[in-house]
Protein chains: 2
Amino acid sequence: MSRYERTCLIRGDGGRAIRGILDRIANKWTLLVVATLHEQRMRFGELQQRIPGVSQRMLSLTLRHLERDGLVSRTAYPEVPPRVEYELTDVGRTLIDPAVRLAEWAVEHNPDIDRSRRSYDEHRPPEPDR
Amino acid sequence: MSRYERTCLIRGDGGRAIRGILDRIANKWTLLVVATLHEQRMRFGELQQRIPGVSQRMLSLTLRHLERDGLVSRTAYPEVPPRVEYELTDVGRTLIDPAVRLAEWAVEHNPDIDRSRRSYDEHRPPEPDR
DNA sequence: CCGCATCCTCCATGATACTG
DNA sequence: CAGTATCATGGAGGATGCGG
């Protein structure tokens, strides 16, 4: 794949494709939920315990978005007390791979980036006063 | 790499690494700028022409963030009128690969997701009135 | 030509409280 | 247990005008 072809995959159609997927995953919790569910199917409360810091509201919203996109399936059992289990769909599982690539990149280059930021901020000190 | 190890890359340290990289690239323009610069070094105005819809302000902000992170280098030529050229750094170029994976995933699965959304919205019609 | 300053709007996130 | 309802807030993004 040539350099030009690679950028076309990103820039194609004015970037609508890549933007669509970013709009989906580029929020605080989606990838964490997907990664957590990748280990095994799980109940709501279990998910909340395993994802430190997520609120009931945000977990609920995230799961519903994922369900709507067909990346997660939801199964409610008619019991008392209620039990609801979430599970990655086949499509949802395919998202793990590109997400892991991204995580690998992050882990590998975070030191470089942090260093660059410190250097940049040093040469252009932000508001001294105020 | 086992399934557990893969999720660890994403969930490790409570997801801080993946969140960091998402905070960087998960905005409207960053990946488009990186992909466009991947073809060749380029001036500000040329970038703006090649990225449909970007405003001067957002292009300027995006470029400065990328420069701060060390993904893009900026060269200003002391001429009149001013000329400024932007170019991916070595680190910046390494971002293309994971970004392309993501774009491939998007292109491949967008149809599935669109179908799922339509189906979901059909069975749960949103506010009929109002 | 390049790009910063200002003002404004909207949405994602979060805290809290309530319900089946 | 598994959510929804309500309210508050910060930051992303856009429009416009000025400045070197």
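Side chains are part of it too, since the values below use all heavy atoms of this structure and drop only hydrogens, waters and symmetry mates. Residue numbers begin at 1 in each chain, while the letters A, B, ... track the order of the sequences.
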In this structure, which stretches of DNA chain C are paired as stems of three or more consecutive Watson-Crick or G-U pairs, both distances less than 3.5 Å?
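Paired runs of 3+ in DNA chain C: C:1-20 with D:1-20.
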Scan side-chain atoms only and decide if [X] and [Y] contain a donor-acceptor pair under the 3.5 Å cut-off.
{"X": "A/Glu85", "Y": "A/Thr75", "value": "no"}
{"X": "B/Arg115", "Y": "B/Asn110", "value": "no"}
{"X": "B/Thr94", "Y": "A/His109", "value": "yes"}

Among [options], the nucleotide that comes nearest once only the side chain of [X] is considered:
{"X": "B/Val84", "options": "D/dG14, D/dT4, C/dG3", "answer": "C/dG3"}
{"X": "A/Arg43", "options": "C/dC2, D/dC1, D/dG13", "answer": "D/dC1"}
{"X": "A/Trp29", "options": "C/dC4, C/dG14, C/dT13", "answer": "C/dG14"}
{"X": "A/Gln56", "options": "D/dG13, D/dG17, C/dA17", "answer": "C/dA17"}
{"X": "A/Phe44", "options": "D/dG3, D/dG14, C/dC1", "answer": "D/dG3"}
{"X": "A/Arg74", "options": "D/dG3, D/dG13, C/dT13", "answer": "D/dG3"}
{"X": "A/Pro82", "options": "D/dG14, C/dC2, D/dA2", "answer": "D/dA2"}

Below 3.5 Å, does any donor atom in the side chain of B/Arg57 face an acceptor in the base of D/dG13, or the other way round?
yes
[N] [atom2] sits how many Å from [X] [atom1], rounded?
{"X": "A/Glu67", "N": "D/dA2", "atom1": "CD", "atom2": "P", "value": "15 Å"}
{"X": "A/Leu61", "N": "D/dT6", "atom1": "CG", "atom2": "C1'", "value": "13 Å"}
{"X": "A/Gln48", "N": "D/dT4", "atom1": "CD", "atom2": "P", "value": "13 Å"}
{"X": "B/Ile51", "N": "D/dG13", "atom1": "CD1", "atom2": "C1'", "value": "15 Å"}
{"X": "B/His65", "N": "C/dC4", "atom1": "NE2", "atom2": "P", "value": "11 Å"}
{"X": "B/Gln49", "N": "C/dC2", "atom1": "CD", "atom2": "C1'", "value": "13 Å"}
{"X": "A/Glu85", "N": "D/dC1", "atom1": "CD", "atom2": "P", "value": "14 Å"}
{"X": "A/Arg24", "N": "C/dA12", "atom1": "CZ", "atom2": "P", "value": "14 Å"}

Check ion pair A/Arg3-A/Glu5 (N to O, under 4.0 angstrom):
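No salt bridge links A/Arg3 with A/Glu5.
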Is it true that A/Asp90 and A/Arg93 have a side-chain N and a carboxylate O under 4.0 angstrom from each other?
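Looking at A/Asp90 and A/Arg93, the cut-off is met.
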Side chain to side chain contact (heavy atoms under 4.5 Å, CB included) between A/Arg74 and A/Arg64, intermediate numbers included:
CA-CA 9 Å; A/Arg74 186 193 122 113; A/Arg64 217 153 301 292; 4.1 Å; yes
Select base, sugar-phosphate, or nothing to describe what B/Ser60 touches, counting heavy atoms under 4.0 Å on all strands.
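Since only primed, P, OP1 and OP2 atoms lie under 4.0 Å of B/Ser60, the category is sugar-phosphate.
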Would you mind classifying the nucleic acid contact of A/Tyr86 as base, sugar-phosphate or nothing, using non-hydrogen atoms under 4.0 angstrom?
sugar-phosphate
Could you walk me through whether B/Thr30 and B/His65 pass side chain to side chain contact (heavy atoms under 4.5 Å, CB included), step by step?
CA-CA 9 Å; B/Thr30 296; B/His65 290 330; over 6 Å; no
Residue whose nearest DNA chain D nucleotide is more 5′ - B/Asn27 or A/Leu63
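Final value for this comparison: A/Leu63.
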Heavy-atom count check: over 12 atoms from other residues, nucleotides or ligands less than 6.0 Å from A/Arg16 CZ?
no
